[in-house]
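Proteins come first, then strands; the chains are lettered A, B, ... in the order of their sequence lines, and each starts at number 1.
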Amino acid sequence: VVSYTSLLNAYGRSAKPEKAREIFDMMKRNSRKPNRVSYNALIDAYGSAGMLTEAVEVLREMERDGIQPDIVSISTLLAACGRCDQIVKIDGILSAAKSRGIQLNTVGYNSAIGSYMSVGEYDKALRLYRSMRESNVKPDSVTFNVLISGYCKAGKYSESLKFLDEMMDLQIPLSKEVYSSLICSYSKQGQLTEAESIFNCMRESGCYPDVVTYTAMIHAYSLTENWKRAWDIFQDMEGNGIQPDPIAFSSLMEVLNRACQPEKVLQLAELMREKHIPLNSSAAYEIISSCSMLRDWKTASQVIEHMEPSLSSISVGILNQLLHFLGKTGKIEIMMKLFFKILASCSNVSRATYSVLLKNLLAAGKWRKYIEVLQWMEDAGIQPS
RNA sequence: CAUAUCGGAGCACCU
């Protein structure tokens, strides 16, 4: 049962809920009765994929099969509500927990508060936080970070700082997530000095910055158009033995491009290749932008050759943006090359992708190609809008 | 360490 459940969970984590369900059904067929953990893992597989209805249905199935849901089942569903923007369901799940006599623990409250925050129900989140305190359930750094980052995102900065104070009063140590949130929200308010001071506090407290924290700082410098400091802090990160990831690279590349430093961008591209860091589409976009400034089409072409083979796993939006950029700058051949690569690696290419392609072909006066692509699109079963 | 909650960049198409 444990082995099956591990496999089920692995499918859930890789966003394959149908596969998870297959394993689950296989357990039932092979008389390996799924236990509570198996059911919970399946609920999460659906919940993480945004399939809330199916997730709730698994809870019912669980009860029909004589297994009592526990607080993990409930927390999993509560968290899923936030991801699916289902305001109504949060209340329903809370009352379902109550009617079954399941008391919320810290994670349960955190999940519910977080979901309320992410659907914009700040008052309900706050009320729930109060009842958490009244029920003597201990808030932790996650509780406060949910509140702090949620209120920041809503632009309610003074409220969010109140929670920071409350957290310190309770002597809950600030986690690196909290530090990163604070850096992020100060920099978005244009308070670079505050962001820097948080970053320094963090180092002094012995809670060492990781690649996420550094990226938040790079972005802070990016927002203030300070490419040199962004560059320096990137060096500092490497000096501290922290491996930059594709997001860190692309964030730095973005500010460098805006500051007209394409050579530096290509230098970073070379470093990524040396370190075998996969090119994500944002980094590819920035590299191609810098190639464009330098009129270096050969490198641009090579970048596309080296892009991750698993293009299907990255954002379609940014791939389309990349196609659009290539088309706009008249690089039709490279645009087509990327398109073929997308075709080869994605099972379904959306109308949006075809639209970008068509628009740019037409703008470039390639009407023969336009008609050809239009035909491919119809062949693929996509109706022109 | 078989299952649940928080932090970083980029967001096109459509309207």
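Atom P of nucleotide B/U5 and atom OH of A/Tyr109 are separated by 19 Å, given to the nearest angstrom. At whole-Å resolution of the value, CD in A/Gln103 and C1' in B/A4 are 17 Å apart. Rounded to whole Å, atom C1' of B/C6 lies 13 Å from atom CG of A/Leu174. When the C1' atom of B/C6 is taken as reference, atom OH of A/Tyr179 falls 16 Å away, rounded to whole Å. If you measure from atom CG of A/Leu338 to atom P of B/A12, you get 17 Å, rounded to the nearest angstrom. Atom C1' of nucleotide B/C6 and atom CG of A/Leu182 are separated by 12 Å, given to the nearest angstrom. Going from atom CG of A/Leu323 over to atom C1' of B/C11 covers 14 Å, rounded to whole Å. If you take OH of A/Tyr354 and C1' of B/C14, they are 18 Å apart, rounded to a whole angstrom.
Looking at heavy-atom distances under 4.0 Å, A/Val178 makes no contact with the nucleic acid at all. Contact annotation for A/Ala248: base contact, defined as any heavy-atom pair under 4.0 Å involving a base atom. Contacts of A/His324 with the nucleic acid, taken as non-hydrogen atoms under 4.0 Å apart, are absent. A/Ser111 comes within 4.0 angstrom of the backbone, heavy atoms only, and of no base.
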Problem - ring-ring contact (aromatic ring centres under 6.0 Å, His included) between A/Tyr129 and A/Phe163, worked out - result: CA-CA 11 Å; A/Tyr129 169 70; A/Phe163 286 111; 5.7 Å; yes
Exercise for the section: List the steps and the verdict of side-chain hydrogen bond (donor to acceptor under 3.5 Å, both in side chains) for A/Asn240 and A/Tyr214. Expected result: CA-CA 11 Å; A/Asn240 286 323; A/Tyr214 273 104; 2.9 Å; yes
Handout entry: Worked verdict on A/Lys124 versus A/Asp91 for salt bridge (charged side-chain N to carboxylate O under 4.0 Å, His left out)
Key = CA-CA 10 Å; A/Lys124 287 193 171 185; A/Asp91 301 309; 3.0 Å; yes
Handout entry: ring-ring contact (aromatic ring centres under 6.0 Å, His included) assessment of A/Tyr122 paired with A/Tyr151
Key = CA-CA 8 Å; A/Tyr122 304 107; A/Tyr151 275 105; 5.7 Å; yes
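Residue A/Asn110 places no side-chain atom within donor-acceptor reach of the base of B/A4, judged by atom type and a 3.5 Å distance cut-off alone. Residue A/Ser181 places no side-chain atom within donor-acceptor reach of the base of B/G7, judged by atom type and a 3.5 Å distance cut-off alone. Taking only distance into account, the side chain of A/Asp210 meets the base of B/G7 through a donor-acceptor pair shorter than 3.5 Å. On a pure distance criterion of 3.5 Å, no polar donor-acceptor pair joins the side chain of A/Ser175 and the base of B/G7.
For B/C1 and B/U5, the P atoms lie 14 Å apart once the distance is rounded to whole Å. B/C11 and B/U15: their C1' atoms are spaced 16 Å apart (whole Å).
The pair A/Glu22-A/Lys16 fails the salt-bridge criterion, with no side-chain N (NZ, NE, NH1 or NH2) lying under 4.0 Å from an Asp/Glu carboxylate O.
When the nucleotides B/U3, B/C14, B/A9 are ranked by their closest atom to the side chain of A/Cys184, B/A9 comes out on top.
Contacts of residues 51-75 of chain A with RNA chain B (heavy atom under 4.0 Å): A/Val72, A/Ser75. Contacts between residues 1-13 of chain A and RNA chain B, counted as heavy-atom distances below 4.0 Å, involve A/Val2, A/Thr5, A/Ser6, A/Asn9, A/Arg13.
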